[in-house]
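Every number for a ligand or one of its atoms is a count from 1 in the order of the listing.
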Amino acid sequence: MPVIHITNRAGAESTLEAESGISVMENLRDNDYEVDAICGGSCACATCHVYIDEAWQAKLPAAEADEQGLVEDEPTYKPTSRLSCQIEMTDALDGLKLTIAPEA
Ligand code: FES
């Protein structure tokens, strides 16, 4: 089972045993992390905003144009920003490290 290393909004770190085949957002939401995921993963709300650790940037599939456009509109946007609903968790992402973005 792959794991995700998560830093929450308060700066606390934890490790989640994640499920492959569902999104990173679903893993976070279903385990009571601070993602509201209001749109349910349809790339419309940006309430699943996370910052991906630099070391993992190149290992993820690039953001599609709709994801990139939405996340860039966030006031808390950084170059490492992604919408976690648009990243499918796979065994290859074992050890993924991310920080949950502040509430916009
Ligand atoms: S859950 Fe709405 S954009 Fe990701």
Query raised in the report: Checking side chain to side chain contact (heavy atoms under 4.5 Å, CB included) against Lys97, which of Ile6, Asp53, Ile52 comes through?
Result: Asp53

Query raised in the report: Just how far is it from atom OG of Ser81 to atom CG of Leu70, taken to the nearest 0.5 Å?
Result: 11.0 Å

Report summary line: Between the CD atom in Gln57 and the OG1 atom in Thr80, the distance rounded to the nearest 0.5 Å is 5.5 Å

Requested in this report: Could you grab the protein N, O or S atoms closer than 2.8 Å to atom 4 (Fe) of ligand 1 for me?
Outcome: Cys48 SG, Cys85 SG

Query raised in the report: Does the side chain of Glu67 come within less than 4.5 Å of Arg82's, by heavy atoms?
Result: yes

Requested in this report: Would you give the length of the straight line joining atom CG of Asp36 to atom NE2 of His49, rounded to the nearest 0.5 angstrom?
Outcome: 13.5 Å

Requested in this report: Return the set of residues passing salt bridge (Lys or Arg N to Asp or Glu O under 4.0 Å) with Glu26 (not counting sequence neighbours), or none when no residue passes.
Outcome: none

